[in-house]
Trainee: 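After the structure tokens below, expect a handful of questions from me.
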Amino acid sequence: MLRYLSAGESHGPALTVLLDGVPAGLELVASEHIDPWLHRRQGGYGRGRRMVIESDSAELLAGVRAGRTTGAPIAMQIINKDWRNWAEVMAPEPGQEPRKRALTQARPGHADLAGGIKYGHKDLRDVLERASARETASRVAAGAVALRLLEAAGVQGCARVVSLGGIPCDGGMDWDGLTMLDESPIRSFDQGAEAAIIARIDQAKHDGDTLGGIIEARFRGVPVGLGSHTQWDRKLDGRLAQAAMSIQAIKGVEIGDGWANALKPGSQVHDAIYYEVPLYRRRTNRSGGLEGGITTGEEVVVRAAMKPIATLMSPLPTVDVVTHQAADAARERSDTTAVPAASIVLLAMSALILADALLEKFGADTLREITERLAAYRDYVANY
Ligand code: EPS
């Protein structure tokens with residue numbers, strides 16, 4: 001129902017975002033509903049100098065009039081301020097000069113080498129410019145619209161970091177303390193772990209190294225019955241996992257206590273059901289709010305493992321793709337860690353999937369129809 005596409009290079013003029021299938025009648029103001037999420041994505045301790053250059057904001061180009069969606073495709077643009085420093089290198093017109101800032105020493109862990117071979121480039125910048133995590137700003141802009149839609153349906157989302165650089169920082173979930181996450185330099189509820197994590201990031205930066213971590217996207221108020229058990233590609237946990245794994249540097253995903261559950265007997269894993277008028281509830285939520293690919297009505301919990309960023313200032317050995325000589329991997333300006341930012345991206349991607357499933361169940365033309373049907377459905381569930 002919802003289709004998201006983007007275009008744009010990291011150092012091109014702009015990122016272009018297309019979001020098709022947003023129902024009519026949703027109040028949407030970029031400065032209120034989209035830019036705060038773009039701002040959150042730029043934050044977090046350990047980011048590089050690019051985040052000082054940019055102050056991302058979304059310009060709505062289509063699909064919204066007078067602060068309301070019309071039902072037409074939404075188009076947005078996020079300007080890359082850094083483009084002015086790259087205008088010649090990134091120009092679409094053929095240049096007179098030999099190409100500048102070409103990258104030929106493929107970075108292990110980046111898309112450089114496989115992408116260069118696949119698309120026939122010897123200047124690996126033709127790969128890295130699109131593989132760059134700059135593209136995640138587009139995802140967050142689209143995801144912010146999905147979050148707005150979910151909010152209108154009574155669903156709230158939260159993005160946080162639960163482990164960074166090998167140091168756990170779960171700190172427990174606190175729906176009443178969400179502003180704390182915006183104030184935390186590592187987007188975590190565990191203030192006690194902050195100092196140690198910041199010290200580890202400083203050390204990694206000093207060593208020319210990078211750090212990964214584990215992030216979480218969580219939603220409450222999700223109605224029971226989104227997704228379906230009936231076919232592999234309708235299972236909502238599968239759709240959430242695909243969206244999470246498509247994020248740059250994400251190499252693992254779990255729903256609820258996925259990995260820990262694999263080590264325990266079933267009696268300690270499955271969430272016992274009880275009835276508390278008028279709803280069926282679970283005392284635990286190790287399933288992460290999904291059973292058989294269908295939402296249970298409990299909180300939906302998606303966790304993802306982010307590997308350390310592939311650009312190392314103390315580089316690993318590689319090969320130059322022009323000379324075929326051994327070389328140090330290319331150094332590009334980069335972040336020591338972007339784990340807090342990635343939590344915002346995970347929330348955005350998960351929101352797109354949940355919003356899609358919501359439209360599937362309740363219709364996709366107007367917000368009025370959706371909220372009416374949702375209210376009737378919540379009534380039905382309460383009497384089941
Ligand atoms: C990023 C923009 C990039 C990087 C980073 C994320 O900008 P630049 O390459 O100009 O520094 O800071 O991307 C990567 C770490 C990567 O490997 O691509 C952003 O907007 O999030």
Side-chain angles (χ1 to χ4, degrees), residues 6-17 34-35 37-58 76-87 89-90 100-103 105-116 123-144 159 161 164 187 201 204-205 208-213 215 246-251 306-313 315-316 318 329-349:
S6 77
E9 278 74 36
S10 180
H11 303 104
L15 302 169
T16 305
V17 184
I34 303 173
D35 293 351
W37 287 108
L38 291 174
H39 180 72
R40 288 184 185 103
R41 191 203 72 94
Q42 287 200 264
Y45 196 80
R47 293 285 255 160
R49 286 193 317 279
R50 177 73 184 271
M51 291 305 113
V52 181
I53 299 172
E54 305 295 342
S55 49
D56 291 338
S57 69
M76 292 182 264
Q77 165 168 275
I78 303 164
I79 297 289
N80 287 325
K81 288 197 179 140
D82 200 22
W83 178 65
R84 59 177 177 251
N85 303 315
W86 291 80
V89 175
M90 296 302 293
K100 289 180 185 159
R101 293 165 95 158
L103 191 144
Q105 290 142 0
R107 294 161 299 169
H110 225 292
D112 299 351
L113 183 56
D123 178 359
L124 303 178
R125 180 162 302 287
D126 286 332
V127 177
L128 88 87
E129 282 290 334
R130 182 64 185 159
S132 163
R134 179 79 192 136
E135 181 261 345
T136 61
S138 315
R139 298 177 186 240
V140 170
V161 174
L164 207 169
R187 233 193 136 69
I201 295 171
K205 184 171 184 177
D209 219 329
T210 55
L211 298 174
I215 50 181
S246 77
I247 300 168
Q248 288 82 342
I250 299 300
K251 288 300 230 182
M306 182 186 200
K307 70 180 181 181
I309 285 169
T311 309
L312 303 181
M313 294 305 146
L316 289 171
T318 188
R331 295 177 189 82
E332 280 270 311
R333 175 185 56 204
S334 188
D335 309 311
T336 307
T337 188
V339 173
S343 73
I344 303 295
V345 184
L346 181 65
L347 181 70
M349 292 309 290

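Both counts, for ligands and for their atoms, begin at 1 and track the order of listing.
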Trainee: Would Ala310 count as a contact of ligand 1 if the rule is a heavy atom under 4.0 Å away?
Mentor: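 No, that is not the case, since the closest heavy atom of the residue is not under 4.0 Å from the ligand.
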
Trainee: Please work out, at 4.0 Å between heavy atoms, whether the side chain, the backbone, both, or neither of Arg134 comes within that distance of ligand 1.
Mentor: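 Contact part for Arg134 vs ligand 1: both backbone and side chain.
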
Trainee: Looking only at non-hydrogen atoms, find the nearest pair between Ser10 and Arg134 and report the distance.
Mentor: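 Looks like OG-CB, 3.4 Å.
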
Trainee: Could you list which atoms of ligand 1 come closer than 4.0 Å to a heavy atom of Ile309?
Mentor: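 Here the atoms of ligand 1 in question are 15 (C).
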
Trainee: Give a yes/no verdict on whether any heavy atom in Glu332 is under 4.0 Å from an atom of ligand 1.
Mentor: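 Glu332: no contact with ligand 1 (<4.0 Å).
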
Trainee: Just go through Ala342, Ser132, Ser10 and tell me whose heavy atom is the nearest to atom 13 (O) of ligand 1.
Mentor: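 Going through Ala342, Ser132, Ser10 one by one, Ser132 has the nearest heavy atom to atom 13 (O) of ligand 1.
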
Trainee: State whether Glu54 and Arg41 are salt-bridged, where the test is any N-O pair (Lys NZ or Arg NE/NH1/NH2 against Asp/Glu carboxylate O) under 4.0 Å.
Mentor: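 Salt bridge flag = no for Arg41 with Glu54.
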
Trainee: What protein heavy atom sits nearest atom 6 (C) of ligand 1, and how far off is it?
Mentor: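 Checked against all protein heavy atoms, atom 6 (C) of ligand 1 sits closest to Asp335 OD2, 3.7 Å.
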
Trainee: Answer yes or no: is there a donor N or O on one side and an acceptor on the other, between the side chain of Arg139 and the main chain of Ala348, under 3.5 Å?
Mentor: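 Side chain of Arg139 to backbone of Ala348, a donor-acceptor pair under 3.5 Å: no, none is there.
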
Trainee: I need the atoms of ligand 1 closer than 4.0 Å to a non-hydrogen atom of Met51, numbered in the order shown.
Mentor: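 By the 4.0 Å cutoff, the relevant atoms are 1 (C), 19 (C), 20 (O), 21 (O).
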
Trainee: Are the side chain of Arg187 and the backbone N or O of Ala159 linked by a donor-acceptor pair below 3.5 Å?
Mentor: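 Side chain of Arg187 to backbone of Ala159, a donor-acceptor pair under 3.5 Å: yes, one is there.
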
Trainee: May I ask whether Arg47 has any heavy atom positioned less than 4.0 angstrom from an atom of ligand 1?
Mentor: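 Yes, Arg47 has a heavy atom closer than 4.0 Å to ligand 1.
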
Trainee: Can you find a non-hydrogen atom of Arg41 under 4.0 Å from ligand 1?
Mentor: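 Contact check Arg41 vs ligand 1: positive.
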
Trainee: Keeping Asp112 on the side-chain end and Leu124 on the backbone end, is there a donor-acceptor pair under 3.5 Å?
Mentor: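 Such a contact is absent between Asp112 side chain and Leu124 backbone.
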
Trainee: Tell me if a side-chain donor or acceptor on Thr318 pairs with a main-chain N or O of Ala106 at a distance below 3.5 Å.
Mentor: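 Checked: pair present.
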
Trainee: Is the side chain of Arg331 donor-acceptor paired with the backbone N or O of Met313 at a distance under 3.5 Å, no angle test?
Mentor: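 A pair under 3.5 Å: yes.
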
Trainee: Give a yes or no on whether the backbone of Pro340 and the side-chain of Ser343 come within a donor-acceptor separation of less than 3.5 Å.
Mentor: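 Confirmed, Ser343 side chain pairs with Pro340 backbone.
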
Trainee: Polar-atom distance check: His11 versus ligand 1, any N or O pair below 3.5 Å?
Mentor: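 Yes, at least one N or O pair falls under 3.5 Å.
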
Trainee: In the protein, which heavy atom is nearest to atom 7 (O) of ligand 1, and how far is it?
Mentor: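 Answer for atom 7 (O) of ligand 1: Arg50 NH1, 3.1 Å.
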
Trainee: Could you tell me the separation between the OG atom of Ser55 and the CD atom of Gln42, rounded to the nearest 0.5 Å?
Mentor: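 Spacing of OG (Ser55) from CD (Gln42) equals 6.5 Å.
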
Trainee: As a check for students: among Ala341, Ala131, Ser334, identify the option with a heavy atom nearest to atom 14 (C) of ligand 1.
Mentor: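 It is Ser334 that holds the nearest heavy atom.
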
Trainee: Is Arg49 near ligand 1, meaning one of its heavy atoms is under 4.0 Å from it?
Mentor: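 No, Arg49 has no heavy atoms under 4.0 Å from ligand 1.
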
